[in-house]
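A short worksheet on the structure shown next.
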2 protein chains.
Amino acid sequence: MSVRTRPGPRERLLEAADRLIYTHGVNVGVDALLKSANVARRSLYEHFGGKDGLIVEVLRSAAEADAADYRDTMDAAGDDPRARLLAVFDRIGEIIARPGFHGCRYLAADLALTDPGHPAHEVTRGYRRRVHALLERELVALGHPRPARAADQFLILIDGTLAAGATRPDGDPAAAARELAADLITP
Amino acid sequence: MSVRTRPGPRERLLEAADRLIYTHGVNVGVDALLKSANVARRSLYEHFGGKDGLIVEVLRSAAEADAADYRDTMDAAGDDPRARLLAVFDRIGEIIARPGFHGCRYLAADLALTDPGHPAHEVTRGYRRRVHALLERELVALGHPRPARAADQFLILIDGTLAAGATRPDGDPAAAARELAADLITP
DNA sequence: TGATAGATAGATCGATCGGTCTACCTAGGT
DNA sequence: ACCTAGGTAGACCGATCGATCTATCTATCA
């Protein structure tokens with residue numbers, strides 16, 4: 001009643017797995033996930049069917065949040081498509097600087113799950129398509145002659161920036177990539 | 001005598017591990033490595049001290065070969081620093097198109113080995129420094145005003161290209177990145 | 001020829017893996 | 001008051017993990 005309802009085992013598992021899978025990789029043990037979430041073993045298999053199902057659901061909800069973050073970032077930058085696009089790299093700079101950052105979770109999942117048939121790949125592919133569409137929309141508004149190709153190039157810059165942030169913490173990869181992006185949208 | 005001397009267990013293990021670790025990730029089992037190399041269990045621990053030692057040595061020798069590949073690629077492009085730098089992306093395009101390609105092995109290792117103290121990270125860091133130095137050397141020869149920063153940007157483009165090649169096989173990320181690189185070295 | 005170093009094969013170790021199962025408990029609805 | 005659905009706790013399963021060990025074989029060299 002007066003006590004706030006404790007999140008159910010499904011929510012607790014998603015939250016704990018989101019954190020543990022990012023920090024320890026998808027090969028983190030089921031026991032560690034259950035212990036961190038304070039959830040019974042059985043609940044995992046009831047709600048997600050197994051570890052793979054949990055991984056997929058974690059990626060799906062993270063993708064939802066990250067896509068919303070892209071939208072919010074661009075909306076906060078105003079109406080100018082150019083400013084909206086460049087704001088993405090400022091945001092990525094913040095993300096890289098966050099304690100505990102060590103790379104793009106979607107790329108990490110794709111590289112770690114070497115079975116090309118793993119359902120997680122569909123989730124990451126869908127996420128990239130969404131980001132590509134967000135970028136392309138701005139590039140169209142900007143009147144870019146080849147918006148689809150330019151969105152490809154933006155994604156290359158984003159992936160490269162996240163990789164650089166994970167492996168070469170010195171320097172400011174987001175600012176370096178922002179320069180390249182500015183060239184890309186400055187005729 | 002007339003038979004070519006069979007490579008020793010160390011060489012066979014390195015070759016098999018290089019292949020299996022790239023295709024199945026660093027979490028591939030020791031048994032699979034031994035079986036693929038036709039090597040006794042004991043030999044692994046004699047030569048490499050353990051699985052981690054083998055991983056480190058595999059990355060080290062791969063880094064040696066890849067650094068040589070960068071040099072050869074640039075040398076084959078002639079003397080013009082601009083041509084030498086852009087040739088890198090043509091080469092990466094070939095690598096991405098190779099059957100079985102699924103991303104940069106060094107980034108995959110860094111993302112999979114979540115322990116920041118794992119000795120493999122030093123190897124990958126050293127490799128990136130070598131590539132950075134190779135690029136910066138050309139940028140200096142080109143008279144680029146900020147060669148170190150430009151080399152950072154080249155590495156971002158390279159990492160992004162490899163990531164795109166691994167996750168979005170459609171399109172031609174190497175060509176897209178080459179365009180950005182050309183802008184970067186065309187005042 | 002005999003000694004030695006290095007390789008092979010494989011048993012074995014404790015730990016952990018993902019997954020299934022039983023037993024108990026508790027909150028909500030009738 | 002009772003039933004039921006969903007949760008917890010934890011034993012248990014076979015498989016696999018990385019690593020250590022013994023025992024045997026083989027090539028090379030003194």
Side-chain angles (χ1 to χ4, degrees), chain A residues 1-59 108-109 112-115 117-121, chain B residues 1-59 108-109 112-115 117-121:
Chain A
M1 277 309 193
S2 65
V3 182
R4 165 145 42 243
T5 314
R6 187 198 196 197
R10 184 188 152 90
E11 286 69 31
R12 275 177 288 149
L13 253 180
L14 278 176
E15 190 277 334
D18 179 71
R19 186 168 29 82
L20 278 186
I21 287 179
Y22 181 64
T23 58
H24 290 63
V26 293
N27 289 300
V28 65
V30 167
D31 286 335
L33 295 171
L34 298 175
K35 188 168 182 180
S36 171
N38 278 306
V39 156
R41 205 169 189 76
R42 181 171 178 160
S43 298
L44 190 162
Y45 295 91
E46 289 283 339
H47 285 289
F48 302 101
K51 188 190 171 186
D52 282 338
L54 175 60
I55 291 174
V56 167
E57 222 51 44
V58 163
L59 288 175
L113 301 171
T114 53
D115 172 16
H118 195 289
H121 295 302
Chain B
M1 281 303 194
S2 64
V3 183
R4 164 145 41 242
T5 314
R6 187 199 196 195
R10 185 188 151 90
E11 285 70 31
R12 275 178 287 150
L13 251 181
L14 278 176
E15 189 277 333
D18 179 69
R19 186 168 30 83
L20 279 186
I21 288 178
Y22 181 64
T23 58
H24 290 67
V26 293
N27 290 299
V28 64
V30 167
D31 286 336
L33 294 171
L34 299 175
K35 188 169 182 179
S36 171
N38 279 305
V39 156
R41 206 169 191 77
R42 181 171 178 160
S43 299
L44 190 161
Y45 295 91
E46 289 283 338
H47 286 289
F48 301 101
K51 188 191 173 187
D52 283 338
L54 175 60
I55 291 173
V56 167
E57 220 52 44
V58 162
L59 288 175
L113 301 171
T114 51
D115 172 15
H118 195 289
H121 295 304

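Residue numbering restarts at 1 for every chain, and letters A, B, ... go by the order of the sequence lines.
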Between the protein and nucleotides 24-27 of chain C, which nitrogen or oxygen pairs come in under 3.5 angstrom?
none

Interface polar pairs with nucleotides 11-16 of chain D, N/O, under 3.5 angstrom:
none

Worked check of side chain to side chain contact (heavy atoms under 4.5 Å, CB included) between A/V58 and A/Y22: CA-CA 10 Å; A/V58 163; A/Y22 181 64; over 6 Å; no

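One interatomic measurement links the two molecules: CG of A/N27 to P of D/dG18, which rounds to 11 Å at whole-angstrom precision. Atom-to-atom, OH of B/Y45 to C1' of C/dA9 comes out at 15 Å; the value is rounded to the nearest Å. Computed from coordinates, the A/L44 CG to D/dG10 P distance equals 17 Å when rounded to whole Å. Counting to the nearest Å, the C1' atom of D/dA19 and the CG atom of B/D52 are 12 Å from each other. We find that CG of A/L113 is positioned 12 Å from P of C/dG18, with the value rounded to whole Å. Atom-to-atom, CG of B/L34 to P of C/dA9 comes out at 10 Å; the value is rounded to the nearest Å. Between the CG atom of B/N38 and the C1' atom of C/dA9 there is a distance of 12 Å, rounded to whole Å. Atom P of nucleotide C/dT16 and atom CG of A/L33 are separated by 15 Å, given to the nearest angstrom.
B/R12 and B/N38 get closest at one heavy-atom pair: NH1-O, 2.7 Å. Contact detail for A/L54 and A/A17: the closest heavy-atom pair is CD2-CB, 3.9 Å. A/L13 and A/L33 get closest at one heavy-atom pair: CD2-O, 4.2 Å. Here the shortest heavy-atom pairing between A/G25 and B/T114 reads N-CG2, 3.8 Å. Closest approach of A/A120 to A/L113, counting heavy atoms only: CB-CD1, 3.5 Å.
By the side-chain hydrogen bond (donor to acceptor under 3.5 Å, both in side chains) test, A/D52 pairs with A/H118, sequence neighbours left out. Listed by chain and residue number, B/R19 satisfy the side-chain hydrogen bond (donor to acceptor under 3.5 Å, both in side chains) test with B/S36 (two or more places apart in sequence, or in another chain).
In the region residues 11-26 of chain B, proximity to DNA chain C at under 4.0 angstrom, judged on heavy atoms, holds for B/R12.
Of the side-chain N and O atoms in A/S43, one or more sit less than 4.0 angstrom from OP1 or OP2 of D/dT8. An OP1 or OP2 oxygen of D/dG7 is reached within less than 4.0 angstrom by a side-chain nitrogen or oxygen of A/H47.
The backbone N or O of A/G29 sits nowhere less than 3.5 Å from a side-chain atom of A/K51 that would complete a donor-acceptor pair.
The CG atom of B/D115 lies 9.0 Å from the NE2 atom of A/H24; values are rounded to the nearest 0.5 Å.
The salt bridge (charged side-chain N to carboxylate O under 4.0 Å, His left out) pairs that include a residue from residues 21-32 of chain A are A/D31-A/R41, where partners are two or more places apart or lie in different chains.
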